[in-house]
Amino acid sequence: MHASAPHPEGLTPSEAIAWQRRQAPRVETTDRLPALAELTRVAGVDVGFEDLGRITRAAVAVLSYPDLQPVEQAIARLPTTFPYIPGLLSFREAPAVLAALAQLSALPEVLLVDGQGLAHPRRFGLACHLGVLTDLPAIGVGKTRLTGTYVEPGQERGAWSPLEHKGETIGAVLRSRSGVAPLFISIGHRISLPTALALTMACTRRYRLPETTRAAHRLASG
DNA sequence: GCGACAG
DNA sequence: ATCTTGTCGC
């Protein structure tokens with residue numbers, strides 16, 4: 001894997017914010033990935049912590065598509081060097097995720113990232129950060145909201161409503177399973193919102209979270 | 001100044 | 001995210 005830009009090291013919070021503002025224009029919001037009918041490898045990305053937070057543990061679970069069977073996995077453990085600050089999650093989690101991705105024998109065609117993409121105050125959440133640095137298509141799949149307002153979507157599986165912020169649609173609030181709390185889907189990189197929603201639904205079976213995310217979560221935590 | 005705030 | 005058992009509901 002070769003990154004299209006180095007991951008910034010040792011930045012202060014205000015420097016990290018400035019960096020995000022400079023990178024945000026690099027996010028591609030249209031589809032530049034295989035048609036869903038041609039997809040073969042999708043991956044879930046998640047991060048967990050060990051040793052009271054001193055160690056960051058990132059996991060990538062690659063699944064076949066559309067059958068969603070495990071194909072390959074990678075785990076990377078790195079010392080935690082940045083605190084959790086809303087809006088700056090990438091600086092805490094991305095280094096470990098990039099290290100895990102570098103271990104894969106073959107990169108997936110798209111990343112489903114645990115967190116936000118464009119649904120971020122500066123339009124550069126973790127999914128955008130990882131997508132732009134690796135130049136891989138990526139989708140932000142958040143379990144809760146960081147920013148934006150929305151109307152509660154219908155209770156049936158597949159129902160969704162736009163997530164808006166400052167006059168723009170930054171993502172969608174998706175009911176992945178009937179009657180469960182919705183997911184916050186947003187563009188990470190190289191994918192449109194409609195395609196991101198379709199792929200998230202295609203990766204979701206019996207549970208609220210996509211199988212990709214579940215697999216990665218088990219490796220990063222459980 | 002007062003809330004909100006991915007994981 | 002993480003510290004943690006049982007319990008309510010389908």
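Lettering of chains follows the sequences in order, A, B, ..., and the numbering in each one begins at 1.
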Taken in chain and number order and not counting sequence neighbours, the residues that satisfy side-chain contact (heavy atoms from CB on, under 4.5 Å) with A:T56 are A:V47, A:F49, A:T80, A:A96

Per-residue pairing states of DNA chain B in dot-bracket (Watson-Crick or G-U under 3.5 Å; . unpaired, | other strand) read .......

Is A:R190 salt-bridged to A:E109, going by a charged N under 4.0 Å from an acidic O? no

Using atom types as modelled, flag every donor-acceptor pair under 3.5 Å from a side chain in residues 210-219 of chain A to any protein atom, sequence neighbours excluded.
none

**Asked** Within the distance-only criterion (no hydrogens, no angle test), does the side chain of A:S176 pair as donor or acceptor with the backbone N or O of A:R208 below 3.5 angstrom?
**Response** yes

Could you check whether the rings of A:H129 and A:F124 sit parallel, tilted or perpendicular, using 30° and 60° as the cut-offs? tilted

The side-chain hydrogen bond (donor to acceptor under 3.5 Å, both in side chains) partners of A:H189 (sequence neighbours excluded) come to A:D135

Sequence neighbours excluded, the answer for side-chain contact (heavy atoms from CB on, under 4.5 Å) partners of A:S186 is A:Q116, A:A119

Sorted by chain and number, sequence neighbours left out, side-chain hydrogen bond (donor to acceptor under 3.5 Å, both in side chains) with A:E164 holds for none

Review item, nucleotides 5-9 of chain C N/O atoms under 3.5 Å of protein N/O:
none

Heavy-atom closest pair (A:A76 atom, A:A100 atom, distance to 0.1 Å) is CB-N, 3.5 Å

Sequence neighbours excluded, the answer for side-chain contact (heavy atoms from CB on, under 4.5 Å) partners of A:S64 is A:D67, A:Q69, A:V71

Taking pairs as Watson-Crick (N1-N3 plus N6-O4 or O6-N4) or G-U wobble (N1-O2 and O6-N3), each distance under 3.5 Å, the stems of three or more consecutive pairs with DNA chain C are none

Whether each nucleotide of nucleotides 2-7 of chain B has a protein heavy atom under 4.0 Å at its base (B), only at its sugar-phosphate (S) or at neither (-) is summarised, 5' to 3', as --SBBB

Those residues at least two apart in sequence (or on a different chain) that pass ring-ring contact (aromatic ring centres under 6.0 Å, His included) with A:F82 are A:F91

When rounded to whole Å, the OH to P distance for the pair A:Y207 and C:dC10 reads 18 Å

By side-chain hydrogen bond (donor to acceptor under 3.5 Å, both in side chains), A:S192 pairs with (sequence neighbours left out) A:D31, A:T195

